[in-house]
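Everything on this sheet refers to the single structure shown next.
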Amino acid sequence: YVCMCVCACVFVPLCACGLQVDLTSDVNFGHLQKMFAARAPAPEAGSAPTPLAFLGPIPQKHFLHAMAIADRANVLCQNVGPREANAIKLQVHKLTEDMGMRFKFAVVIGNRSGAPM
């Protein structure tokens with residue numbers, strides 16, 4: 001499987017997300033869902049599965065918690081001073097609470113093997 005980030009309808013390799021592009025964008029997720037659903041073959045047609053799948057969107061808060069942001073932040077806090085630890089905690093709060101429900105996460109998965117997804 002190959003994962004890509006959706007950024008204003010431009011597909012960027014996952015390894016470049018956050019490094020080469022700003023992922024903040026107004027994305028019409030409903031349109032993307034319909035676009036990928038329309039590409040899927042009908043089950044009775046017996047044709048090969050679509051090579052792409054669109055998953056999401058989910059709130060950023062849910063995605064980050066599923067990726068264990070609290071555990072990761074705790075590990076970081078163990079290796080820094082109190083001032084830096086507080087800054088890490090504030091950033092986690094900002095990402096999960098302040099921006100957590102407003103920002104969404106979605107992913108496009110490419111299936112190179114052709115196996116059903």
Side-chain angles (χ1 to χ4, degrees):
Y1 295 99
V2 176
C3 293
M4 306 289 269
C5 288
V6 179
C7 175
C9 298
V10 174
F11 296 96
V12 179
L14 194 58
C15 61
C17 291
L19 298 174
Q20 299 173 357
V21 295
D22 178 2
L23 296 180
T24 304
S25 180
D26 288 328
V27 175
N28 184 340
F29 288 111
H31 174 73
L32 288 174
Q33 287 173 321
K34 289 177 187 174
M35 183 179 76
F36 283 100
R39 292 181 50 125
E44 63 274 356
S47 58
T50 182
L52 298 174
F54 181 81
L55 306 175
I58 62 170
Q60 173 177 290
K61 175 181 185 170
H62 298 166
F63 171 74
L64 291 174
H65 283 299
M67 298 301 293
I69 190 171
D71 294 337
R72 293 167 187 253
N74 288 335
V75 169
L76 288 174
C77 288
Q78 292 173 3
N79 299 311
V80 297
R83 190 174 191 180
E84 292 87 357
N86 189 51
I88 291 168
K89 291 174 187 175
L90 288 172
Q91 288 300 313
V92 169
H93 180 81
K94 180 179 180 179
L95 291 169
T96 59
E97 300 305 321
D98 299 342
M99 300 165 47
M101 295 303 284
R102 187 173 44 159
F103 287 84
K104 308 293 184 219
F105 176 84
V107 66
V108 176
I109 299 177
N111 183 355
R112 290 187 178 167
S113 70
M117 293 196 281

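Distance check: L95 CG to L90 CG gives 11.0 Å after rounding to the nearest 0.5 Å. Atoms CD and CG, from Q91 and L76 in turn, are 12.0 Å apart once rounded to the nearest 0.5 Å. We find the CZ-NZ distance between F54 and K34 to be 12.5 Å, quoted to the nearest 0.5 Å. The line from CD of Q60 to NE2 of H65 is 10.0 Å long, rounded to the nearest 0.5 Å.
If you chain together hydrophobic residues whose side chains sit under 4.5 Å apart, I58 and I69 fall into the same group. Follow the hydrophobic side-chain contacts under 4.5 Å out from V75 and you never reach I88; the two are in separate clusters.
Taking the side-chain contact (heavy atoms from CB on, under 4.5 Å) definition, one finds that M101 meets it with P59, K61, H62, sequence neighbours left out. In this structure A85 satisfies the side-chain contact (heavy atoms from CB on, under 4.5 Å) test together with C77, V80, sequence neighbours excluded.
Ring geometry for F105 against F63 counts as parallel: the plane angle stays under 30°, on a 0 to 90° scale with 60° as the upper cut.
Proximity of N28 to L32: side-chain heavy atoms (C-beta onward) are nowhere separated by under 4.5 Å.
Residue pairs meeting the salt bridge (charged side-chain N to carboxylate O under 4.0 Å, His left out) criterion with at least one member in residues 81-95, sequence neighbours excluded, do not occur.
N86 places no side-chain N or O within 3.5 Å of a backbone atom of P82 that could act as its donor or acceptor partner.
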